[in-house]
Amino acid sequence: MNDTHKKLFELARPFLDTRENEKHTRIAFRFALRLLSEEAADPQVVLPAVIVHDVGWKCVPEDVQLTAFGPGLKDVNLNRIHEVEGAKIAVDLLKRAGYPQHVVNEIGEIVLGHDSRPEALSLNDAVVKDSDKLWRYSQHGFWLTIKRFDLTYERQQHRLRNNMEKWFLTPTAKRLAGEELGLRSRDSDE
């Protein structure tokens, strides 16, 4: 993270202390860097967007958050709240961090539909969406999902394998998801 990203992250930190979002954001940020090494998206948009994409979860009561995403999804309206409120918070944080207005506007639009909009508005949006979803395949995301939703290892493997084509928009993310899933197979052997 450069100094500008660190400043934004510090501004966002109070909004990331729910749902293990601080760790999620750090992992998604690392995936964004990997994607940006192969995809021609704009790091000036993608990286700050990843930092602020989930700040809106702070507006959803913790006791109902698990009903708003993942295999426990029961209330899409709560997920939508995190996007709508998150876009407002993200715009404010980006302005406070000194980002140019055109970047603030683009990131606000990305955050507004990063989970609910199946198609991407742009390559920048696709890379943000893919970075976010790649967390599910990380060691932390894989095992936390098993714990949160009381899944078996086999069910989680099956769920991730079967959704790779549907969830990911870039070829690089699809490849990385497959690589990460292979690593999770080795995790279970240890």
Side-chain angles (χ1 to χ4, degrees), residues 1-2 4-6 8-9 12 16 19-57 69-71 73 79 82-83 86-87 90 94 99 102-146 153 155-188:
M1 271 190 203
N2 67 29
T4 308
H5 299 140
K6 287 177 186 173
L8 181 60
F9 192 85
L16 298 175
R19 225 184 54 118
E20 296 203 33
N21 274 339
E22 185 171 336
K23 190 160 192 170
H24 163 71
T25 300
R26 289 182 185 281
I27 292 168
F29 190 89
R30 287 194 295 271
F31 278 121
L33 291 170
R34 291 176 69 186
L35 290 170
L36 286 166
S37 72
E38 297 183 45
E39 300 290 338
D42 184 354
Q44 302 300 322
V45 172
V46 169
L47 296 174
V50 169
I51 293 170
V52 299
H53 79 280
D54 270 345
V55 294
W57 281 113
F69 64 91
L73 176 65
N79 194 298
H82 109 274
E83 290 179 315
L94 291 159
Y99 282 86
H102 71 281
V103 171
V104 171
N105 293 345
E106 183 173 353
I107 292 173
E109 286 300 312
I110 288 171
V111 172
L112 190 56
H114 73 275
D115 281 336
S116 63
R117 187 183 333 102
E119 71 285 343
L121 298 172
S122 64
L123 182 57
N124 292 336
D125 187 21
V127 171
V128 171
K129 287 173 173 292
D130 284 354
S131 300
D132 183 24
K133 288 179 180 69
L134 277 166
W135 170 86
R136 299 170 183 175
Y137 293 75
S138 72
Q139 185 175 35
H140 180 258
F142 184 91
W143 294 105
L144 182 60
T145 302
I146 285 174
Y153 169 85
R155 177 147 183 244
Q156 176 67 338
Q157 275 274 343
H158 179 76
R159 178 177 166 268
L160 295 179
R161 188 177 303 104
N162 285 350
N163 283 300
M164 281 178 16
E165 283 301 315
K166 179 174 95 175
W167 283 342
F168 295 106
L169 302 168
T170 65
T172 306
K174 289 176 186 177
R175 188 190 82 242
L176 290 175
E179 290 171 6
E180 288 292 322
L181 202 53
L183 293 172
R184 300 301 70 85
S185 295
R186 289 200 287 277
D187 289 349
S188 70

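- The distance from atom CZ of R155 to atom CD of Q157, rounded to the nearest 0.5 Å, is 13.5 Å.
- For the pair L160 and R136, the minimum side-chain heavy-atom distance is below 4.5 Å.
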>> Between F31 and L36, does the side-chain contact (heavy atoms from CB on, under 4.5 Å) criterion hold? Intermediate values first, please.
In response: CA-CA 9 Å; F31 278 121; L36 286 166; over 6 Å; no
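- F142 CZ to L181 CG: the interatomic distance, rounded to the nearest 0.5 Å, is 6.5 Å.
- Of the charged side-chain nitrogens involved, none lies within less than 4.0 Å of a carboxylate oxygen, so that E83 and R117 do not count as a salt-bridged pair.
- The shortest distance between side-chain heavy atoms of S131 and R30 does not fall below 4.5 Å.
- When all heavy atoms of E106 and S122 are compared, the pair lying nearest together is OE2-OG, 3.9 Å.
- Here the closest non-hydrogen pair linking L94 and P48 is CD2-CB, 4.0 Å.
- A heavy-atom distance below 4.5 Å is found between the side chains of F9 and L16.
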>> side chain to side chain donor-acceptor pair (under 3.5 Å), that's the test. Do H114 and D125 meet it? Break it down for me.
In response: CA-CA 8 Å; H114 73 275; D125 187 21; over 6 Å; no
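- For the pair T145/R159, a side-chain contact is recorded, criterion being any heavy-atom separation below 4.5 Å from C-beta on.
- I110 has its side chain within reach of V45: a pair of non-hydrogen atoms, C-beta onward, lies under 4.5 Å apart.
- Side chains of H5 and I51 form a contact here, defined as non-hydrogen atoms less than 4.5 Å apart.
- A28 and H53 make their closest contact through CB-CE1, 4.4 Å (heavy atoms, listed as atom of the first residue, atom of the second, distance).
- Among L33, I107, V128, the single residue meeting the side-chain contact (heavy atoms from CB on, under 4.5 Å) criterion with V46 is V128.
- Under the 4.5 Å side-chain criterion, counting only non-hydrogen atoms from C-beta, W135 is in contact with H140.
- In this model, no donor atom of one side chain and acceptor atom of the other lie less than 3.5 Å apart for H102 and N105.
- We find the CG-OG1 distance between L134 and T172 to be 10.0 Å, quoted to the nearest 0.5 Å.
- Checked against the 6.0 Å centroid criterion, the rings of H82 and F69 do not qualify as a close aromatic pair.
- You'll find the ring centres of Y153 and W143 inside the 6.0 Å limit.
- The number of heavy-atom neighbours closer than 6.0 Å to NE2 of H158, taken from other residues, nucleotides and ligands shown, is 12 or below.
- Inter-residue side-chain proximity for V55 and T25 is flagged as unmet; no heavy-atom pair is nearer than 4.5 Å.
- Although no hydrogens or angles enter the test, the distance criterion places no donor-acceptor pair under 3.5 Å between the side chain of K23 and the main chain of G141.
- Here the straight-line distance linking atom CG of L47 with atom CG of D42 works out to 9.0 Å at 0.5 Å rounding.
- Across every non-hydrogen atom of L123 and A40, the tightest pair is CD2-C, 3.5 Å.
- Contact between V111 and A90 at its shortest, heavy atoms only, is CG2-CB, 4.2 Å.
- Between the side chain of D130 and the backbone N or O of L169, at least one donor-acceptor pair lies under 3.5 Å.
- Of the possible donor and acceptor atoms, none in the side chain of D54 sits under 3.5 Å from a partner among the backbone N and O of N21.
- Test K174, R34, K133 against E180 for salt bridge (Lys or Arg N to Asp or Glu O under 4.0 Å) and you get one pass: R34.
- Contact record, Y99 with Q44: CE2-O, 4.5 Å, taken as the closest heavy-atom pair.
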